[in-house]
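Here the structure is laid out as structure tokens; the discussion comes afterwards.
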Amino acid sequence: MYDFESFQSCDTDDQKLENESVNQAIVENPVTFHCGRCNTVWADCRGICGEATSVNSLICLEVTQDVTINSEREWSLDGLFSACVYNTLQCAGCLCLMGVILYSTPQHLSALRNLFLLKKDEMYCYIFSTGQMVKASTLNFSVAPLGERVSEGWGQFELKTVNSGNKLKIQITG
Ligand SMILES: [Zn+2]
């Protein structure tokens, strides 16, 4: 069963970054995400699409080849992923379980299906601009909810709904 074990300590600058603009400057610039135990690179900032605070995980579209997807599908009765079906992710360097891909979930986790969820407590980040290694848990990777970003993107278009028969069509005019 997937378990959120406690973070094994590593030498990092884990001072909490209280200043939001400092946080923003860091997370919007090149960062790589490393295993907190063996330093293997799990992902970089191009693959990250946000943070799921409810399950204490970073959400990734892409991970490195050093993240192994275990082939056995598992399910959980309790914990953060209660009532979920998932495959666990394993660090190729030290074989620790470091995340999951959810397949079947209760409604409140449905937005996280089929994405890589990497345990935030298990990783640290290398920040290129400052040459610092910090625990990922000291940074905030939350982004605007997808709905807001989509509507910003749509701002330049005019959306029209056209009722044709019993089907609703949406026309986009640029
Ligand atoms: Zn590792």
Side-chain angles (χ1 to χ4, degrees), residues 1-10 12 14 16-17 23-24 26-127 133-154:
M1 187 184 287
Y2 186 72
D3 182 32
F4 274 79
E5 303 157 31
S6 61
F7 183 76
Q8 303 288 308
S9 70
C10 55
T12 60
D14 57 353
K16 191 85 183 168
L17 293 163
N23 178 81
Q24 219 42 37
I26 290 171
V27 301
E28 284 173 2
N29 282 295
V31 178
T32 47
F33 299 91
H34 299 253
C35 177
R37 302 178 190 200
C38 72
N39 207 23
T40 294
V41 181
W42 289 346
D44 63 33
C45 47
R46 292 169 305 172
I48 291 275
C49 59
E51 175 174 349
T53 49
S54 62
V55 291
N56 197 25
S57 300
L58 293 191
I59 309 165
C60 294
L61 292 172
E62 235 177 49
V63 291
T64 68
Q65 291 183 336
D66 288 323
V67 174
T68 309
I69 303 171
N70 289 319
S71 55
E72 194 183 337
R73 209 158 272 200
E74 300 176 34
W75 58 282
S76 185
L77 276 178
D78 48 27
L80 291 172
F81 296 116
S82 142
C84 293
V85 176
Y86 52 83
N87 282 41
T88 52
L89 302 173
Q90 196 168 24
C91 173
C94 67
L95 307 182
C96 71
L97 292 181
M98 36 70 75
V100 293
I101 301 178
L102 299 174
Y103 292 103
S104 174
T105 67
Q107 191 63 35
H108 71 282
L109 294 176
S110 61
L112 301 176
R113 284 177 204 161
N114 300 309
L115 295 163
F116 295 96
L117 301 177
L118 311 187
K119 287 186 206 177
K120 202 177 169 187
D121 282 350
E122 298 281 325
M123 71 169 86
Y124 54 95
C125 305
Y126 180 72
I127 302 158
M133 195 68 103
V134 299
K135 281 183 182 172
S137 54
T138 63
L139 296 170
N140 172 14
F141 294 90
S142 303
V143 291
L146 189 59
E148 281 174 35
R149 285 192 292 157
V150 168
S151 59
E152 274 170 31
W154 286 130

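The analysis underlying the following values was restricted to heavy atoms, covering all of them including side chains, and did not include hydrogens, waters or symmetry mates.
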Side chains of Thr88 and Leu97 in contact at under 4.5 Å (non-hydrogen atoms): yes
Heavy-atom side-chain contact between Asn87 and Tyr103 under 4.5 Å: yes
Close side-chain approach of Thr105 and Leu112, heavy atoms under 4.5 Å: no
Sequence-distant partners of Phe33, ring pair (Phe, Tyr, Trp, His ring centres under 6.0 Å), two or more places apart: Phe141
pair Thr138-Tyr124: side-chain heavy atoms closer than 4.5 Å: no
Pairwise side-chain contact, Cys91 with Trp42, heavy-atom cut-off 4.5 Å (strictly under): yes
Glu74 and Tyr86: CA distance, side-chain angles, deciding distance, side-chain contact (heavy atoms from CB on, under 4.5 Å) verdict: CA-CA 5 Å; Glu74 300 176 34; Tyr86 52 83; 3.8 Å; yes
Close side-chain approach of Arg37 and Glu122, heavy atoms under 4.5 Å: yes
Spacing of OG belonging to Ser54 relative to NE2 belonging to His108, to within rounding of 0.5 Å: 6.5 Å
Candidate pair Gln90 and Val67, rule side-chain contact (heavy atoms from CB on, under 4.5 Å), full reasoning: CA-CA 6 Å; Gln90 196 168 24; Val67 174; over 6 Å; no
Non-hydrogen atoms of Cys49 and Leu61 that approach each other most closely: SG-CG, 4.0 Å
Val55 backbone acceptor or donor facing Ser57 side chain under 3.5 Å: yes
Option from Leu89, Val63, Val100 for which side-chain contact (heavy atoms from CB on, under 4.5 Å) with Ile69 holds: Leu89
Sequence-distant partners of Val41, side chain to side chain contact (heavy atoms under 4.5 Å, CB included), two or more places apart: Thr32, His34, Thr64
Main-chain N/O of Leu139 paired with Lys120 side-chain donor or acceptor, under 3.5 Å: yes
side-chain contact (heavy atoms from CB on, under 4.5 Å) assessment of Leu117 paired with Ile101: CA-CA 6 Å; Leu117 301 177; Ile101 301 178; over 6 Å; no
Close side-chain approach of Glu51 to Ile59, heavy-atom, < 4.5 Å: no
Those residues that, when tested against Arg73, pass salt bridge (Lys or Arg N to Asp or Glu O under 4.0 Å) (two or more places apart): none
Heavy-atom closest pair, residues Leu115 and Ala111: CD1-O, 3.6 Å
Pair Asp66, Thr40: side-chain N/O donor-acceptor within cut-off below 3.5 Å: no
Within 6.0 angstrom of Arg46 CZ, more than 12 heavy atoms from elsewhere: no
Residue pair Cys60 / Leu118, side-chain heavy-atom distance below 4.5 Å: yes
For Leu102 against Cys84, the heavy-atom pair lying closest together: CD2-CB, 4.0 Å
Taking every non-hydrogen atom, the tightest pair across Cys35 and Cys94: SG-SG, 3.7 Å
Spacing of Cys45 atom SG and Leu58 atom CG [to the nearest 0.5 Å]: 12.0 Å
